[in-house]
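See below for the structure under consideration.
Computed from a predicted structure; not experimentally measured.
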Amino acid sequence: MNSRPRSIVVLTGAGISAESGIETFRAADGLWANHPVDDVATPEGFERNPQLVYQFYNQRRRQLLSQEMRPNPAHTALARFEHEFDGEFLLVTQNVDNLHERAGSDKLLHMHGELLKMRCLNSKLIFDINEDLDFDTHCRCCRSAGNLRPHVVWFGEMPLHMNQINNALESCDLFVAIGTSGNVYPASGFYQTAKIRRVHTVELNLEETGSSFDTHVYGPATETVPQFFDQILQPS
């Protein structure tokens, strides 16, 4: 990257929120909080046992709303950069938490949904939620129980905002992936779109992933993210 970028797309994954204490839930054995992924993170699992799925996401929501959960320096560095950078900027996150918003990010898309939102199965309307959700919760629009689900993208479902994300990738000159493997979707797809257009690609990750980004910076996100984005803001 020989010149200051004019348009930047940033993708964040679980690695950036892990440093705030957000549990990834996905263990090495493929279980999510001791549950098979098919039971708690697929439409079929929700159809089989909605109460189990509600309980799983209630647990995650309680963790997010706990007093201990706060944005970390990586979140705040991205928010600060967004407001100081004079070019185009888009932050795309795979995370369903609200730590980017709490840090001050505005130009933000949640491609996997949001933990603090629920969706009506009938009308598709989306509502905020800060408390537990279960099969007896009455929907605000249709006034019926059992019509609500977490507004989270499950395995087998299409990520959100893909047209807007792809449009940004096709016009950017820098793509940065933070705390996410560059070898799996969606980072791999975003990387391929960027490389086709000869966009400079950067990976900021805790450890080596074997990906083919142009630039690799390894270390905790709380250290690498502020350093990297502060450098872009420095006068050339």
* Hey, can you tell me if Phe85 and Phe89 have their rings parallel, tilted or perpendicular (30° and 60° cut-offs)? => perpendicular
* Could you please spell out the steps behind the side chain to side chain contact (heavy atoms under 4.5 Å, CB included) verdict for Asn95 and Ile16? => CA-CA 9 Å; Asn95 301 329; Ile16 194 170; 3.5 Å; yes
* Can you tell me how far CG of Leu91 sits from OG of Ser105, rounded to the nearest 0.5 angstrom? -> 5.0 Å
* Asked: Can a donor-acceptor pair be found between the side chains of His100 and Glu82 at a distance below 3.5 Å?
  -> no
* Roughly how far apart are Leu121 CG and Cys139 SG, rounded to 0.5 Å? -> 8.5 Å
* To do: Decide, yes or no, whether a salt bridge links Arg60 with Asp97 under the criterion of side-chain N to carboxylate O below 4.0 Å.
  => no
* Asked: Is there side-chain contact between Leu52 and Val40, with heavy atoms separated by less than 4.5 Å?
  -> yes
* Asked: side chain to side chain contact (heavy atoms under 4.5 Å, CB included) between Leu148 and Leu133: does it pass, once the steps are laid out?
  -> CA-CA 8 Å; Leu148 293 167; Leu133 172 66; 3.9 Å; yes
* To do: Please work out which of the three classes, parallel, tilted or perpendicular, describes the rings of Phe135 and Tyr54, given edges at 30° and 60°.
  => tilted
* **Ring centroid separation Phe213 to Tyr191 under 6.0 Å** => yes
* To do: Could you tell me whether Asn130 atom CG has more than 12 heavy atoms of other residues or ligands within 6.0 Å of it?
  => yes
* To do: For residues Val202 and Asp214, determine if any side-chain heavy atom of one lies less than 4.5 Å from a side-chain heavy atom of the other.
  => no
* Asked: If you round to the nearest 0.5 Å, how far is OG1 of Thr76 from CG of Leu99?
  -> 11.0 Å
* Ile232 and Ile178: same hydrophobic cluster, using ILVMFWY side-chain contacts below 4.5 Å? -> yes
* Val225 with Tyr218, same ILVMFWY side-chain cluster at under 4.5 Å -> no
* Structure fact -> Residues Val199 and Leu174: closest non-hydrogen pair is CG1-N, 3.5 Å
* Student check: side-chain heavy atoms of Cys120 and Cys142 closer than 4.5 Å -> yes
* Asked: If you look at every heavy atom in Gly45 and Thr42, which pair is closest and at what distance?
  -> N-OG1, 3.0 Å
* Student check: side-chain heavy atoms of His216 and Ser211 closer than 4.5 Å -> yes
* Asked: With a 3.5 Å cut-off and no angle check, do the side chains of Thr180 and Gln94 form a donor-acceptor pair?
  -> yes
* Can you name the nearest heavy-atom pair linking Arg4 to Leu233, along with the distance? -> NH2-CD2, 3.9 Å
* Search all heavy atoms of Arg48 against all heavy atoms of Asp39 and return the closest pair with its distance. => NH2-OD1, 3.0 Å
* To do: Could you tell me whether the side chains of Thr93 and Thr12 share a donor-acceptor contact shorter than 3.5 Å?
  => yes
* To do: Measure the shortest side-chain to side-chain distance between Leu64 and Asn98 over non-hydrogen atoms and say whether it is less than 4.5 angstrom.
  => yes
* Asked: Could you walk me through whether Glu157 and Arg149 pass the salt bridge (charged side-chain N to carboxylate O under 4.0 Å, His left out) check?
  -> CA-CA 14 Å; Glu157 296 182 326; Arg149 59 160 280 181; 2.8 Å; yes
* For the residue pair Leu125 and Arg119, establish whether any side-chain heavy-atom pair is separated by less than 4.5 Å. => no
* To do: Take His75 and Ser20, measure what side chain to side chain contact (heavy atoms under 4.5 Å, CB included) needs, and give me the verdict at the end.
  => CA-CA 9 Å; His75 295 107; Ser20 287; 3.7 Å; yes
* Kindly compute the distance separating NE2 (His110) from CG (Leu115), expressed to the nearest 0.5 Å. => 10.0 Å
* Which word best sums up how the rings of Phe175 and Phe190 line up, parallel for under 30°, tilted for 30 to 60°, or perpendicular for over 60°? -> perpendicular
* Evaluate the ring planes of His35 and Phe56, with Trp represented by its six-membered ring, and classify them as parallel (under 30°), tilted (30 to 60°) or perpendicular (over 60°). => perpendicular
* To the nearest 0.5 Å, how far apart are CG in Leu109 and CD1 in Ile165? -> 5.5 Å
* Asked: Under 3.5 Å, is there a donor-acceptor pair between the Thr222 and Asn72 side chains?
  -> no
* Asked: Are Val217 and Leu206 grouped together when hydrophobic residues (ILVMFWY) are joined by side-chain heavy atoms under 4.5 angstrom apart?
  -> no
* Under a 4.5 Å cut-off applied to non-hydrogen side-chain atoms, are Trp154 and Asp38 in contact? -> no
* **Hydrophobic cluster identity match, Phe127 and Val53, side-chain contacts under 4.5 Å** => yes
* To do: Check whether any side-chain heavy atom of Leu160 lies under 4.5 Å from a side-chain heavy atom of Val153, and answer yes or no.
  => yes
* To do: Kindly determine whether Asp173 and Arg197 satisfy salt bridge (charged side-chain N to carboxylate O under 4.0 Å, His left out), including the steps that lead there.
  => CA-CA 9 Å; Asp173 50 16; Arg197 295 195 58 259; over 6 Å; no
* Could you grab the distance from atom CZ of Arg61 to atom OG of Ser66, nearest 0.5 Å is fine? => 13.5 Å
* Where Arg140 and Asp128 come nearest, the two heavy atoms and their spacing -> NH2-O, 2.7 Å
* Asked: Among side-chain atoms of Glu203 and Thr215, is any donor-acceptor pair under 3.5 angstrom?
  -> no
* Assess whether salt bridge (charged side-chain N to carboxylate O under 4.0 Å, His left out) is satisfied between Arg6 and Asp86, documenting all intermediate values. => CA-CA 8 Å; Arg6 300 179 304 276; Asp86 57 5; over 6 Å; no
* Could you pull out the closest heavy-atom pair between Gln63 and Gly21, with the gap in Å? => NE2-O, 3.1 Å
* Asked: Do the side chains of Ile126 and Met118 join up, straight or via other hydrophobic residues, at under 4.5 Å, putting them in one cluster?
  -> no
* Assess whether atom CD of Glu19 is packed by more than 12 heavy atoms of other residues, nucleotides or ligands within 6.0 Å. => yes
* Could you please spell out the steps behind the side chain to side chain contact (heavy atoms under 4.5 Å, CB included) verdict for Glu101 and Glu114? => CA-CA 11 Å; Glu101 289 94 334; Glu114 299 177 61; 3.9 Å; yes
